[in-house]
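The structure appears below as structure tokens.
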Amino acid sequence: MSDLPRKAVTRTVKLAALPLGFAGRVTWGLGKRIGGKSAEIVARELQQRTAEQLFRTLGELKGGAMKFGQALSVFESALPEEVAGPYRAALTKLQEAAPPLPAQTVHQVLADRLGADWRDLFEEFEDKPAAAASIGQVHRAVWHDGRQVAVKVQYPGAGEALLSDLKQLGRFAGLLGPLIPGMDVKPLIEELRERVSEELDYELEAAAQRTHADAFEGDEDVVVPDVVHQGDQVLVTEWMEGTPLSEVIADGTQEERDRAGQLLARFLFSGPARTGLLHADPHPGNFRLLAGADGRIRLGVLDFGTVDRLPGGWPKPIGTSLRMTLEGDAEGIYGHLRAEGFVRESIELDPEAVLDYLLPIIEPAQAEEFTFTRPWLRGQAARIADPRSPAHQLGRQINLPPSYLLIHRVTLSTIGVLCQLGATVRLRDELESWLPGFLPEE
């Protein structure tokens with residue numbers, strides 16, 4: 001019934017072709033060099049071919065491969081510029097679209113999940129998907145009461161594909177390192193695996209979306225569409241028009257970029273305080289810019305399949321750590337990190353070295369406003385990734401407690417999107433408003 005490649009052996013062969021393909025192209029490039037082409041031209045051709053294969057393989061497989069590609073796509077800002085160009089188009093393309101399933105397969109899923117008379121639920125249903133992503137695709141339709149809706153249909157076999165892909169990707173995670181230099185992709189793959197069951201459960205997603213829709217109802221800055229109907233492997237929500245954030249990244253005005261960046265930061269930091277949940281899939285395909293009749297630009301938020309549950313809002317130790325670092329309190333921040341498990345008891349570090357390691361990372365919180373740029377992020381990545389640097393050596397000794405893993409990834413991903421936007425953001429305003437422990441207690 002499904003056009004999604006489901007057999008583990010089939011998917012494994014396709015995924016294994018990625019690192020093999022990288023190696024093969026290096027050999028091909030060496031031949032080109034011997035044949036007289038310049039190193040620069042050969043490198044550009046290698047990167048372009050690699051990017052094309054990456055998108056084609058991850059996009060066709062969907063499932064965990066596609067999810068991994070989307071997770072990588074927000075980190076393209078950290079790539080050296082000579083590498084980023086060819087990858088950027090291929091990786092960011094993963095944020096908005098993937099090769100879709102045929103209409104016949106979609107109709108069968110709807111019949112199985114909504115009943116043979118599923119068409120009676122809709123006044124109109126567009127067979128061509130409006131978007132196709134890692135575990136499902138979205139169709140535009142008109143609900144039987146006249147509302148414009150988005151119908152999210154889960155790919156048949158998506159659960160099997162997710163687990164198979166992430167298992168195989170984990171086996172050669174070290175070979176995927178060159179995709180994002182300096183990034184350890186293995187923890188990313190492991191964390192994605194842990195979220196598989198939640199991502200596949202549309203009941204959990206519907207509950208998270210309803211919680212956000214209720215909390216942000218009437219909000220001046222953030223719009224979350226309501227859930228219309230939820231079933232097994234089918235989720236119907238209100239349709240939301242708007243400009244995809246990927247288009248703002250590609251062609252937006254500076255005013256649009258700055259507004260999008262500010263609202264993205266506001267949603268990131270206000271969400272847990274207002275809902276007890278952290279939207280944990282911050283790639284550009286999940287956001288829209290909406291122009292209201294009053295001329296005010298709002299941020300539309302989609303896809304609540306992955307959330308972190310933070311019933312008390314942001315953990316206070318995060319705000320306390322930021323404040324102590326900004327205050328230059330080396331002994332205080334070191335003691336605080338040890339108490340919270342970020343430095344193991346068996347490890348002794350120099351408090352001043354820890355402070356020097358942290359200060360550049362939190363630079364966006366030091367000024368009233370900060371311009372996020374690709375060069376800034378590349379500089380941070382290079383500083384931490386260079387095995388010869390003190391920052392790299394110290395970073396390897398810092399522990400990340402499991403409860404902070406998803407928070408860490410979401411925050412880094414959001415910073416990656418802000419750098420793609422090139423947005424100037426008053427980040428400190430959001431931290432003061434929403435992050436417990438950031439302001440001194442009176």
Side-chain angles (χ1 to χ4, degrees), residues 138 143 147-150 152 195 198-199 201-231 235-245 259-294 296-319 403-404 406-411 413-415 417-418 425-439:
V138 177
W143 196 239
R147 278 184 288 177
Q148 298 281 331
V149 295
K152 186 175 180 179
R195 299 284 161 176
E198 291 187 17
E199 183 107 9
D201 191 333
Y202 280 2
E203 184 177 355
L204 288 176
E205 179 173 349
Q209 185 156 343
R210 287 190 180 102
T211 298
H212 279 84
D214 290 344
F216 285 94
E217 183 178 4
D219 192 85
E220 292 185 345
D221 297 316
V222 176
V223 179
V224 178
D226 279 327
V227 174
V228 175
H229 179 82
Q230 176 262 316
L235 180 62
V236 183
T237 62
E238 291 180 337
W239 182 265
M240 187 166 62
E241 292 286 357
T243 304
L245 207 58
R259 178 65 174 163
Q262 190 71 49
L263 294 183
L264 192 62
R266 184 161 302 158
F267 177 69
L268 170 70
F269 288 105
S270 71
R274 298 172 70 170
T275 68
L277 300 170
L278 173 66
H279 183 286
D281 197 6
H283 73 77
N286 288 337
F287 300 99
R288 302 284 186 270
L289 280 193
L290 316 176
D294 58 359
R296 189 179 184 88
I297 296 178
R298 295 171 173 82
L299 182 73
V301 185
L302 303 170
D303 199 338
F304 293 83
T306 305
V307 297
D308 198 6
R309 285 160 180 80
L310 303 174
W314 283 88
K316 188 175 180 180
I318 295 177
S403 60
Y404 287 92
L406 190 54
I407 292 174
H408 180 67
R409 179 170 73 82
V410 171
T411 304
S413 297
T414 303
I415 290 172
V417 176
L418 293 176
V425 176
R426 297 178 65 86
L427 185 65
R428 195 179 180 98
D429 288 353
E430 308 304 333
L431 299 176
E432 291 178 352
S433 298
W434 303 106
L435 196 60
F438 185 74
L439 291 175

- Query: Rounded to the nearest 0.5 Å, how far does CD of Q262 lie from CG of L418?
  - Reply: 9.5 Å
- Mind checking whether F304 and H212 have parallel, tilted or perpendicular rings, split at 30° and 60°? tilted
- Task: Output the distance between atom CG (L268) and atom CG (L431), rounded to the nearest 0.5 Å.
- Result: 9.0 Å
- Message: Using the ring pair (Phe, Tyr, Trp, His ring centres under 6.0 Å) definition, which of the options F269, W434, F438 pairs with W314?
- Response: F269
- Before giving the answer on side-chain contact (heavy atoms from CB on, under 4.5 Å), spell out for V222 and L263 the whole-Å C-alpha distance, their side-chain angles and the decisive distance to 0.1 Å. CA-CA 7 Å; V222 176; L263 294 183; 5.6 Å; no
- Min side-chain heavy-atom separation T211-L277 under 4.5 Å: yes
- Taking only Lys NZ, Arg NE, NH1 and NH2, and the carboxylate oxygens of Asp or Glu, determine whether K152 and E205 approach each other closer than 4.0 Å. yes
- Rounded to the nearest 0.5 Å, how far does CZ of R409 lie from CG of D308? 10.0 Å
- Message: Rounded at 0.5 Å granularity, tell me how far CG in L245 sits from CG in N286.
- Response: 10.0 Å
- Does E220 pair with R296 as a salt bridge, N-O distance under 4.0 Å? yes
- Flag for Q148-E241: side-chain donor and acceptor within less than 3.5 Å: no
- Item | Atom of A206, atom of L235 and distance for their closest heavy-atom approach | CB-CD1, 3.8 Å
- Message: Please determine whether side-chain contact (heavy atoms from CB on, under 4.5 Å) holds for the pair R147 and W239, giving the CA-CA distance in whole Å, both sets of side-chain angles, and the decisive distance to 0.1 Å.
- Response: CA-CA 8 Å; R147 278 184 288 177; W239 182 265; over 6 Å; no
- Atom of V425, atom of G261 and distance for their closest heavy-atom approach: CG2-C, 3.7 Å
- Short N-O contact, E432 and R428, less than 4.0 angstrom: yes
- OG of S403 to CG of L310: how many Å apart, nearest 0.5 Å? 9.5 Å
- Task: For M240 and L302, run side-chain contact (heavy atoms from CB on, under 4.5 Å): C-alpha distance rounded to whole Å, both residues' side-chain angles, the deciding distance at 0.1 Å, then the answer.
- Result: CA-CA 9 Å; M240 187 166 62; L302 303 170; 3.4 Å; yes
- Query: What are the two closest heavy atoms between L406 and A280, and how far apart are they?
  - Reply: CD2-CB, 3.8 Å
- Note on the structure: Residues V224 and Q209: closest non-hydrogen pair is CG1-O, 3.9 Å
- Note on the structure: Between G305 and D303, the two heavy atoms sitting closest are N-OD1, 3.1 Å
- Measure centre to centre between the rings of H279 and F287, then say whether the value is under 6.0 Å. yes
- For P282 and V417, which heavy atoms make the closest approach, and how far apart are they? O-CG2, 3.3 Å
- Item | All side-chain contact (heavy atoms from CB on, under 4.5 Å) counterparts of I297, not counting sequence neighbours | R259, L289
- So does R298 pair up with D221, basic N to acidic O under 4.0 Å? no
- Item | Distance, nearest 0.5 Å, that separates CZ of R309 from OG1 of T275 | 10.5 Å
- Derivation of the side-chain contact (heavy atoms from CB on, under 4.5 Å) call for V228 and E238: CA-CA 6 Å; V228 175; E238 291 180 337; 4.0 Å; yes
- Have a look at L278 and tell me which of I407, V307, T411 forms a side chain to side chain contact (heavy atoms under 4.5 Å, CB included) with it. I407
